[in-house]
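Each remark here refers to the structure printed beneath this line.
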Amino acid sequence: MTINHASLQDLESAWRVEFEDKHSSSAAADRAAARSIAAGQRTRFSSGMPHPVYIESGSGAWFTDIDGNRALDCNAGWNASMFGRGNSYIADAVARATRQIGAPGGAMHPSPNRDEFAERLCDRVPGAERVIFAPSGSEANTYALRLARSITGNQLIMRISGGFHGQNDYLLQGGSSLRGLPSAASTNQIDIDYNDLISARQAFDKHGTKLAAVIVEPIMTIPGAVHQRNDFVQELRTLALENGVPFILDEVIAGGRFSAGGASAYLGLTPPPDLTVLGKMLGGGLPVAAVVGNADHLEQPISASNTHAQNPVTIAAAIANFDLATDEVFVQVRQQGTAIREGIRAAAESLSLDVQVTGDGPCCGIHFTSDEVVNARVAGDADQHLWRLMCLGVTNRGLAISSRTFGPIAPYTDEDVRLVVDVFAEVLGDIDVALDSSSSKHRRGPVGQPS
């Protein structure tokens with residue numbers, strides 16, 4: 001589509017019209033959904049799209065919406081599927097488990113596949129000696145905090161500013177709605193910036209004996225693939241070890257994207273985390289999560305009862321996903337992620353626009369700023385309007401992106417990778433042209449930040 005745009009406002013208006021023209025059925029479905037679905041589960045505050053796009057069907061990395069538009073999924077099924085949609089191997093495993101067992105039986109009537117999957121997790125994930133299952137990453141992180149507080153007797157948690165660990169009251173931060181949280185949820189936390197080792201050391205020096213745990217993601221996902229610098233995660237793990245504080249690595253969103261053994265294996269953390277929290281991609285598109293770690297921590301007598309934590313149907317999907325998740329798959333997606341970041345950086349070099357491309361492995365992020373994006377605060381200070389406009393532009397060109405961390409999954413082809421780079425290059429070019437040439441607000445600084 002050729003757009004004559006004299007300004008950024010003209011460009012946005014034209015792209016919104018194009019989006020509405022392509023997605024009228026989704027717009028109608030969203031209006032109808034408002035009669036029964038609460039707004040908090042119908043919207044995504046930062047996506048840039050005027051309304052959700054409803055998926056009719058999908059195969060591999062592509063899906064077709066209810067208006068008949070095909071789109072390349074850049075968000076891995078909302079970070080839940082390394083092998084995309086309609087994977088026959090996973091679907092067959094789910095069908096067999098549904099026919100043979102169907103319903104969960106709890107701790108007293110478990111299914112053998114629960115134990116099989118636990119053993120495979122212990123074989124594959126560094127430091128895993130025991131497993132506690134959960135149906136979601138939010139609940140798994142809740143269990144991880146209980147385990148850490150039980151073994152230390154402390155309440156204080158060190159976390160990363162702008163990090164995300166699900167819907168636990170004591171881990172939820174600004175960026176998500178904090179309405180309805182108990183007043184006590186604002187206590188017993190210490191926040192430090194990602195990649196800030198000086199602040200981390202100061203916090204340990206001041207509070208080390210009072211800490212129940214330190215929790216960190218291997219890469220910051222919600223702010224947009226903010227990757228570690230100077231081995232930050234390893235240094236934080238070392239500080240925790242030196243201070244006798246349980247170290248929790250939250251791999252729920254990103255861990256399943258890096259390697260067969262997760263992000264701790266990819267980063268080579270030494271020693272491994274005391275507790276590793278897994279989820280999303282762990283279930284091959286179905287809800288499976290887990291806390292794994294050393295026996296001393298995992299055998300703490302906490303409450304971890306949950307009807308669907310040991311569901312044989314979802315566990316069957318997780319086992320099938322494990323079968324497919326070979327080392328070769330992760331080599332491929334890491335290489336493709338690097339190609340996407342390098343391609344977008346190269347395209348941005350010819351623009352006047354300030355663009356920073358972040359990420360590591362298969363995870364990619366784009367930020368409209370001249371500053372090096374090392375933490376959530378810097379990412380938040382970038383131009384959010386341009387981010388949303390970019391998402392709208394790439395959506396109109398056949399890329400599905402609604403999360404700030406995006407990247408390839410196993411079904412991606414080389415052609416898919418080229419499409420991602422070409423579409424982002426075209427959209428960034430359109431935005432660059434539309435910006436007022438007299439304005440210096442968005443003019444370019446250094447492009448890049450390779451991991």
Would you say the side-chain atoms of [X] pair up with the backbone N or O of [Y], donor to acceptor, closer than 3.5 Å?
{"X": "Thr276", "Y": "Val125", "result": "no"}
{"X": "Ser350", "Y": "Ala346", "result": "no"}
{"X": "Asp65", "Y": "Val53", "result": "no"}
{"X": "Gln228", "Y": "Val233", "result": "yes"}
{"X": "Gln332", "Y": "Ala410", "result": "yes"}
{"X": "Gln384", "Y": "Ala382", "result": "yes"}
{"X": "Ser150", "Y": "Arg146", "result": "no"}
{"X": "Glu251", "Y": "Ala263", "result": "yes"}
{"X": "Thr142", "Y": "Ser138", "result": "yes"}
{"X": "Asn195", "Y": "Arg229", "result": "yes"}

Practice problem: Go through the steps for Glu139 and Asn306 under the test side chain to side chain donor-acceptor pair (under 3.5 Å), then give the verdict. | Solution: CA-CA 9 Å; Glu139 289 156 297; Asn306 191 302; 2.8 Å; yes
So which atom in [X] and which in [Y] form the shortest heavy-atom distance, rounded to 0.1 Å?
{"X": "Ser403", "Y": "Trp78", "answer": "CB-CZ3, 3.7 Å"}
{"X": "Lys280", "Y": "Val252", "answer": "CB-O, 3.3 Å"}
{"X": "Gly256", "Y": "Met281", "answer": "O-SD, 3.6 Å"}
{"X": "Val313", "Y": "Ala97", "answer": "CA-CB, 4.0 Å"}
{"X": "Ala144", "Y": "Leu275", "answer": "O-CD1, 3.6 Å"}
{"X": "Ser161", "Y": "Met220", "answer": "O-CE, 3.4 Å"}

Quiz item: Under the side-chain contact (heavy atoms from CB on, under 4.5 Å) criterion, do Leu121 and Leu278 qualify, and how do the steps go?
Solution: CA-CA 10 Å; Leu121 279 169; Leu278 308 167; 3.9 Å; yes
Note: [X]-[Y] ion pair, threshold 4.0 Å (strictly below):
{"X": "Lys22", "Y": "Glu18", "result": "yes"}
{"X": "Asp73", "Y": "Arg85", "result": "yes"}
{"X": "Arg388", "Y": "Glu12", "result": "no"}

Exercise. Decide yes or no on side-chain contact (heavy atoms from CB on, under 4.5 Å) for Val427 and Trp15, but give the supporting numbers first.
Key: CA-CA 11 Å; Val427 168; Trp15 281 354; 3.7 Å; yes
Which distance, rounded to the nearest 0.5 Å, do you find between the [atom1] of [X] and the [atom2] of [Y]?
{"X": "Leu11", "Y": "Leu389", "atom1": "CG", "atom2": "CG", "answer": "5.0 Å"}
{"X": "Ile160", "Y": "Asn375", "atom1": "CD1", "atom2": "CG", "answer": "9.5 Å"}
{"X": "Asp67", "Y": "Ser25", "atom1": "CG", "atom2": "OG", "answer": "3.5 Å"}
{"X": "Asp250", "Y": "Ile215", "atom1": "CG", "atom2": "CD1", "answer": "5.0 Å"}
{"X": "Leu282", "Y": "Ser81", "atom1": "CG", "atom2": "OG", "answer": "12.0 Å"}

Side chains of [X] and [Y]: donor-acceptor distance under 3.5 Å anywhere?
{"X": "Ser7", "Y": "Asp10", "value": "yes"}
{"X": "Glu217", "Y": "Thr221", "value": "yes"}
{"X": "Gln335", "Y": "Thr338", "value": "no"}

For [X], what residues pass the ring pair (Phe, Tyr, Trp, His ring centres under 6.0 Å) criterion, not counting sequence neighbours?
{"X": "Tyr194", "result": "Phe232"}
{"X": "Phe406", "result": "Phe424"}
{"X": "His51", "result": "Phe19"}
{"X": "Phe133", "result": "Phe117"}

Self-check item: Derivation of the side chain to side chain donor-acceptor pair (under 3.5 Å) call for Thr314 and His308
Solution: CA-CA 9 Å; Thr314 58; His308 285 287; over 6 Å; no
Distance-only check: which donor-acceptor pairs under 3.5 Å involve side-chain atoms of residues 26-38, not counting sequence neighbours?
{"residue": "Ser26", "atom": "OG", "partner": "Tyr54", "partner atom": "N", "Å": "2.9"}
{"residue": "Asp30", "atom": "OD1", "partner": "Arg42", "partner atom": "NH1", "Å": "3.4"}

Practice problem: Scan for side chain to side chain donor-acceptor pair (under 3.5 Å) pairs involving residues 405-415, sequence neighbours excluded, and state none if there are none. | Solution: Thr413-Asp416
Practice problem: Please identify each residue that fulfils side chain to side chain contact (heavy atoms under 4.5 Å, CB included) with Thr64, with sequence neighbours left out. | Solution: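 Only Ser57, Arg70 meet the side chain to side chain contact (heavy atoms under 4.5 Å, CB included) criterion with Thr64.
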Practice problem: Determine which pairs satisfy salt bridge (Lys or Arg N to Asp or Glu O under 4.0 Å) with at least one residue from residues 313-324, sequence neighbours left out, and list them in order. | Solution: Arg120-Asp323
According to salt bridge (Lys or Arg N to Asp or Glu O under 4.0 Å), who are the partners of [X], at least two apart in sequence or on a separate chain?
{"X": "Asp193", "answer": "Arg377"}
{"X": "Asp191", "answer": "Arg159"}
{"X": "Arg149", "answer": "none"}
{"X": "Arg114", "answer": "none"}

Quiz prompt | Check: Met82 and Ile409 side chains under 4.5 Å, non-hydrogen atoms | solution =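 The answer is yes, as the side chains (C-beta and beyond) meet within the 4.5 Å cut-off.
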Self-check item: Check: His385 and Leu8 side chains under 4.5 Å, non-hydrogen atoms
Solution: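 In short, these two side chains touch, coming nearer than 4.5 Å.
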